[in-house]
Amino acid sequence: MCGIVGYVGGEEAAPILLDGLARLEYRGYDSAGVAIFDGERLRVAKTKGRLRALSDMIQGGSAIRGSIGVGHTRWATHGAPSDVNSHPQVSRSGRIAVVHNGIIENYAELKAFLVSQGVDFASETDTEVVAQLIEYFYDGDILKAVGRVLHRIEGAYALGIICGDEPERLIAVRKDSPLILGLGEGFNFLASDVTAIIKHTRNVVYMEDGEIAELTREGVTCYNHLLQPVRKEVSHVDWEIDAAEKGGYEHFMLKEIMEQPEALRRAIFPRIRDGEVILEDFGLSDEYIRALRKIFIVACGSSYHVGMVGKYNLEKLLRIPVEVTLASEFRYMDPILDDNTLVIVISQSGETLDTMAALREAKGLGAKILSIVNVVGSSIARESDVVLYTWAGPEIAVATTKAYSTQLAVVDLLGLYFARKRGSITAERRQAAVGELLLLPSKLEQVLEKQEAIQYFASQYFNHDSIFFIGRNVDYALGLEGSLKLKEISYIHSEAYASGELKHGTISLIEDGTLVVAVATYARLFDKAMSNVVEVKSRGADVLALTTEDRAETMGRNANAIITIPDTDELLLPSLGVAPLQLLAYYIALMRGCDIDKPRNLAKSVTVE
Ligand code: M6R
């Protein structure tokens, strides 16, 4: 929920930290700060507001000199966004500075203890407790003091720590919040994710839960929770810095929408050989796949919407029940799982706390976990029995687009792979779907070419207060995603309904000029979709219909405007249909002057319950 970065090396730290924070700002953006050792003491600069305000405050970094420091960009949990609650949080003497992503659950108890020892607190944050506790235990060795603190704090944390008395050492700690180390020649980094450091190094160490690392200019040493050294593997990041930059687009969201065909090629093509889906090094045996009796899909937000489509598609392909559940509900619903149940966890970030908690719950109940994840080495990926990466590349905009499309493609690949192992569909049916999967990226390119028509439509309706999405079956699932995308970035009230439900209440909201987006791509239910369009039209609604090219004419008799997608296998319709809905949300938000990449109150990954 917050972004942290730390640097130790031979160059000025402040500009490097600001640049790293700029790439992490998607994780939280209500305040920002840095702490740097200036040769004599720790200098801290922090402020409420966007990173720009911090950068102005320290003149782009030139106002604080020093070559070791930590930085933070915040999404508030404990304590409202304010200068004093911003990170870094420092100990009473100002000797120790801490940046933190996560939550210290027992902070109140620890704070009471420290207060009883005469320690004064300046902020309302849980993080200040960590800084003060480290100072309480500090006797000249920051690593040892941090080690003692870790035995006392509970919760989720990625921490970056510096101490003014030992200005050559930077300490990193990880538990249930992401943290990577970037290794360079004469410098080293800690960061919440690779985007913050890729400009400087591609050599990365993924820290495990409970590990502590000591970074100096010369090197990095990792320890377990008992401060015994552990050997770590160095991974090489193979994507380019451009992937994390806007590349001429006004917003990351538009860039990521346009990147979808390429992302789909990366997700799909290496997994298809000779007309069949091949999942190499796949950790589930054929016997297990054949014995499967039930699948749970667990996820949040847009990933949950992928799960909704996944339910329809997997049930069609496998003929076993698939239950899709919000991760935040799963852990409290006492789910019924057994050895023949597979739990599929879907997450772009791989660090959503609700999803992580659901994964652990399911694992504890004995189910196998297969995760579909974008961020390599993320917590969800590491705790799963099997991981299928989406290979969408870094997704920076808070509103997910290319992660959604690639998740959907991976679910379809998985369904076709399982269907072959289980013999649940014919070879012809399977190969037809595989053939269409290979065509999906180029068909999506055709859809994205309709950008201007969608922009024009957005210009007609961007000032509406309320927009409805309707559809049946996979079109309903797609409507849910279109509606979420719209409300998330444009702040327009929007609801998605299964069309058949309209007459059970919601239709009373339809009046002259209400905008209804009718998703009607699914051939089997097209006639029903038409009837629903007529129903809302006759009550005054303006209808934008999303349908396939071959049905455009029929739909055109009733809808006010139409966006078409090429026909494809019915499993893949949502993969094409989602793009116009993403573009519609984007252009409406643009015309309303919204902060598209960083919508209010949100953050890219949600690491609180
Ligand atoms: O990283 P995850 O896929 O686990 O995130 C889940 C949701 O928070 C996420 O999909 C959210 O709904 C998006 N901002 C929607 O665009």
Side-chain angles (χ1 to χ4, degrees), residues 1 3 26-29 75 101 176-178 192-193 195 251-254 256-257 260 263 297-310 324-331 343-360 369 371-381 383-384 387-390 392-408 410-411 477-478 480-491 494 496 578-579 581-586 589 594-609:
M1 199 56 83
Y26 71 89
R27 301 176 64 87
Y29 34 85
W75 188 87
N101 172 32
D176 291 342
S177 285
S192 297
D193 87 33
T195 50
H251 295 101
F252 277 110
M253 183 178 176
L254 186 60
E256 288 160 6
I257 290 172
Q260 290 179 106
I297 303 181
V298 182
C300 301
S302 292
S303 299
Y304 169 77
H305 295 155
V306 170
M308 295 267 300
V309 177
V324 54
T325 308
L326 290 165
S328 52
E329 293 293 317
F330 182 86
R331 60 193 297 202
V343 174
I344 301 178
V345 169
I346 306 178
S347 175
Q348 187 285 129
S349 60
E351 58 170 296
T352 302
L353 190 111
D354 285 325
T355 312
M356 187 71 197
L359 179 159
R360 288 180 179 159
I369 313 291
S371 64
I372 298 176
V373 175
N374 193 36
V375 177
V376 175
S378 56
S379 308
I380 288 176
E383 291 201 21
S384 304
V387 188
L388 290 174
Y389 283 113
T390 48
E395 192 181 63
I396 311 290
V398 165
T400 185
T401 53
K402 61 177 179 173
Y404 175 97
S405 320
T406 49
Q407 286 167 350
L408 215 49
V410 171
V411 170
L478 192 49
L480 285 168
E481 176 60 7
S483 171
L484 176 62
K485 214 88 300 175
L486 181 76
K487 68 186 115 183
E488 181 178 23
I489 60 168
S490 74
Y491 317 143
S494 173
V578 74
L581 302 183
Q582 295 165 343
L583 285 168
L584 182 68
Y586 174 79
C594 298
D595 191 350
I596 293 181
D597 285 338
K598 299 187 188 95
R600 68 185 179 204
N601 304 338
L602 292 174
K604 182 71 180 159
S605 46
V606 184
T607 51
V608 290
E609 188 171 3

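Whatever order the structure lists ligands and atoms in, that order sets their numbers, starting from 1. Along the sequence shown, the residues carry numbers beginning at 1. Excluded from the calculations below are hydrogen atoms, water molecules and symmetry mates; all remaining heavy atoms, backbone and side chain alike, are included.
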For ligand 1, does E351 get within less than 4.0 Å through its side chain, its backbone, both, or neither, judged by non-hydrogen atoms?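 Within the 4.0 Å criterion, E351 makes no contact with ligand 1.
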Out of D354, L353, I346, which one pairs with C300 under the side chain to side chain contact (heavy atoms under 4.5 Å, CB included) rule?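 With C300 as partner, side chain to side chain contact (heavy atoms under 4.5 Å, CB included) holds for just one option, D354.
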Does [X] reach ligand 1 with a nitrogen or oxygen that is under 3.5 Å from one of the ligand's nitrogen or oxygen atoms?
| X | answer |
| --- | --- |
| L484 | no |
| T355 | no |
| Q348 | yes |

Distance-only donor-acceptor check, side chains Q407 and S303, under 3.5 Å: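 A pair is found: one side chain offers a donor N or O, the other an acceptor, under 3.5 Å apart.
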No-hydrogen, no-angle side-chain donor-acceptor test under 3.5 Å, S302 and K485: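 Checked: S302/K485 side chains pair up, N/O donor to acceptor below 3.5 Å.
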Would you say the side chain of V375 lies within less than 4.5 Å of the side chain of E351, judging by non-hydrogen atoms?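 No - every pair of side-chain heavy atoms lies 4.5 Å or more apart.
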Test item: E383 and I369 side chains (from C-beta on) under 4.5 Å apart, heavy atoms: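 Not in contact.
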Numbered atoms and elements of ligand 1 in range of [X], under 4.0 angstrom, heavy atoms:
| X | result |
| --- | --- |
| S303 | 2 (P), 3 (O), 10 (O) |
| A399 | 16 (O) |
| K485 | 15 (C), 16 (O) |

Taking atom 7 (C) of ligand 1 as the reference point, the nearest protein heavy atom with its distance: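 Result: C300 O, 3.7 Å.
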Protein heavy-atom partner closest to atom 10 (O) of ligand 1 - residue, atom, separation in Å: S302 N, 3.1 Å
